[in-house]
J.: 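Questions regarding the structure given below will be posed in turn.
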Amino acid sequence: MDWGSLQNVLGGVNKHSTSIGKIWLTVLFIFRIMILVVAAERVWGDEQQDFVCNTLQPGCRNVCYDHFFPISHIRLWALQLIFVSTPALLVAMHVAYTRHEKKRRFRNGEKIDIEELKNEKIHIRGALWWTYTSSIFFRVVFEAVFMYVFYYMYDGYQMPRLVKCDAWPCPNTVDCFVSRPTEKTTFTIFMLAVSGICITLNLAELCYLVMKICMKESKKTPVLK
Amino acid sequence: MVLVVAAESVWGDEKSAFTCNTQQPGCNSVCYDHFFPISHIRLWALQLILVTTPALLVAMHVAYQQHQEKKLLVLTGHGDPKHMEEVKKHKMRISGSLWWTYVFSVVFRLLFEAVFMYIFYMLYPGYQMVRLVKCEAYPCPNIVDCFISRPTEKTIFTVFMLVTSSICIVLNMAELVYLVVRACARRGQHNSNPSSGKGSFYGHKLSSEYKQNEINQLLTEQDGSLKDMLRRNPSLQEKGDRCSAC
């Protein structure tokens, strides 16, 4: 999986995020993507080869593996990370659109310094505030959905050592053994904890944005009076 | 580097070459899982990631301070690219709140190192990798002998990583002591001779009194209403003893 290109895309978004957004991005890259690539992929690497069933019946092992692991944890986490990073693209697109509009106005004769335009920090207000807030909201929703999918698919967050399988063509109920269940449980809980931390950061950022706009509104009203 | 270059190839076949003296399907997997709940490699990877993370706190704090400096320079009219480059390049002094952040990061590093050494000791008593383990977990039919691959090589690398970890702990402690001693020495010097202020151009600019003066000046220049407010409420002027523009 080419996480480098995702990093390039999100790096651009980092410039226009709040401080909490920057912390979220750091947590995402270091504690989720890096752990996934460096450690988790190794742990789950031999999951099908080392899935052993107590039978010589051909096909039984494949069928049982497919029955108990419809989607591997690794793939689910990769999907989760992609979905969770995607709303930030909305913000990047909005910023690019705003800059494009400014450039258009410059071309139409208004005096705007083009160098300043490239480096200028865009403040999160107006329509961009709504885009940013929606992106955080979607991030929280995706995180929660994936946490639920994990819980539903694997009956909790623990990896059992032994599963009993009686799908055809297994001759009767056979014992099948999962490889490295303890290590997998440890990493599942770790990724779950980091996911929880990310949700907390997103909720904090949401509250911060809402409070900032409320304070700005309350500051404006006395002046108008 | 040792982890990536050497240790990963030593532990690469840890599961495939873990052999038990039985043909009972599943016994291998279960015994492996029983004796190696988390592989050494994963524990070291986690340890390295967690130990390097506190340095990010310091990096974030420095970035925040540089941002403040840049803002101050722009407001005082020194916002040209040359000054901005200087802000980026000059070395930050570890004083004030940055000192506390730095000390906390060193403390956390120490803590993580110690915790991981303890975890290693708990999981793999004595830090030694044995050649043979006896296993009787289901579905193994009775007590079976299981053999670990490359135990001596693994022991050597475990001891090596342990020694490196201890050296890092000693360095962190030395750094902590150095920071504390330097802070005390600086405070002692400051108390005995308050007028001597050595520091970089920016260090001086950022001394709190100078900063307060600058900020007050800028505020009054930017918003004349502050002057009116201060004229109407002289009690506010007490705080502005350092205010040069009032």
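Order of the sequence lines fixes the chain letters, A, B, ..., with proteins taken first and strands second; residue numbering starts at 1 for each chain.
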J.: Count the heavy atoms belonging to other residues, nucleotides or ligands that lie under 6.0 Å from CZ of B:Phe104, then report whether that count exceeds 12.
T.: no
J.: Report the option among A:Asp175, A:Ile23, A:Val38 that has the most heavy-atom pairs separated by less than 4.5 Å from atoms of chain B.
T.: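 Answer, by heavy-atom pair count under 4.5 Å with chain B: A:Asp175.
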J.: Check this for me, if you would: do B:Glu14 and A:Arg180 make a salt bridge, where the nitrogen-to-carboxylate-oxygen distance has to be below 4.0 angstrom?
T.: yes
J.: Would you please go through residues 156-163 of chain B and name the residues with a non-hydrogen atom below 4.5 Å from one of chain A, in numerical order?
T.: none
J.: Tell me, side chain or backbone of A:Phe51 under 4.5 Å from chain B's heavy atoms, or both, or neither?
T.: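 Contact with chain B is absent: no heavy atom of A:Phe51 under 4.5 Å.
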J.: Give a yes or no on this: more than 12 heavy atoms of other residues, nucleotides or ligands lie within 6.0 Å of atom CZ of B:Phe108.
T.: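 Incorrect, the count does not exceed 12.
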J.: Is there any side chain to side chain donor-acceptor pair (under 3.5 Å) pair reaching into residues 26-36 of chain A, and which pairs are they, with sequence neighbours excluded?
T.: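 Counting only pairs at least two positions apart or across chains, the side chain to side chain donor-acceptor pair (under 3.5 Å) contacts touching residues 26-36 of chain A are A:Arg32-A:Glu143.
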J.: Calculate, to the nearest 0.5 Å, the distance between atoms CZ and CG belonging to A:Phe187 and B:Leu46 respectively.
T.: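 Those atoms lie 5.0 Å apart.
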J.: Does any heavy atom of chain B fall under 4.5 Å from the side chain of A:Cys53, the backbone, both, or neither of them?
T.: backbone
J.: Taking the side chain as every heavy atom from C-beta outward, state whether B:Met60 and A:Lys22 have any atom pair closer than 4.5 Å.
T.: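 They are not in side-chain contact.
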J.: Is B:Phe147 atom CZ crowded by more than 12 heavy atoms from other residues, nucleotides or ligands, each under 6.0 Å away?
T.: yes
J.: More than 12 heavy atoms of other residues, nucleotides or ligands under 6.0 Å from CZ of B:Arg150: yes or no?
T.: yes
J.: Tell me, for A:Asp50 versus chain B, whether the close heavy atoms (under 4.5 Å) come from the side chain, the backbone, both or neither.
T.: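 It is both, since atoms from each part get that close.
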J.: Run the side-chain contact (heavy atoms from CB on, under 4.5 Å) test on A:Val52 and B:Asn28 for me, step by step, so that the C-alpha distance in whole Å, both residues' side-chain angles and the decisive distance to 0.1 Å come before the verdict.
T.: CA-CA 9 Å; A:Val52 168; B:Asn28 253 15; over 6 Å; no
J.: With rounding to the nearest 0.5 Å, note down the distance linking CG in A:Asp46 to NZ in B:Lys15.
T.: 5.5 Å
J.: Quick check on the structure: residues of residues 130-140 of chain B within a heavy-atom distance below 4.5 Å of chain A, by number.
T.: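 Contacts with chain A: B:Ala137, B:Tyr138, B:Pro139.
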J.: Residues of residues 29-42 of chain B under 4.5 Å from chain A (heavy atom pairs)?
T.: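 Residues B:Ser29, B:Val30, B:Tyr32, B:Asp33, B:His34, B:Pro37, B:Ile38, B:Ser39, B:Arg42 are the ones that qualify, each having a heavy atom under 4.5 Å from chain A.
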J.: Name the option with the most non-hydrogen atom pairs under 4.5 Å to chain B; the candidates are A:Leu162, A:Val178, A:Asn54.
T.: A:Asn54
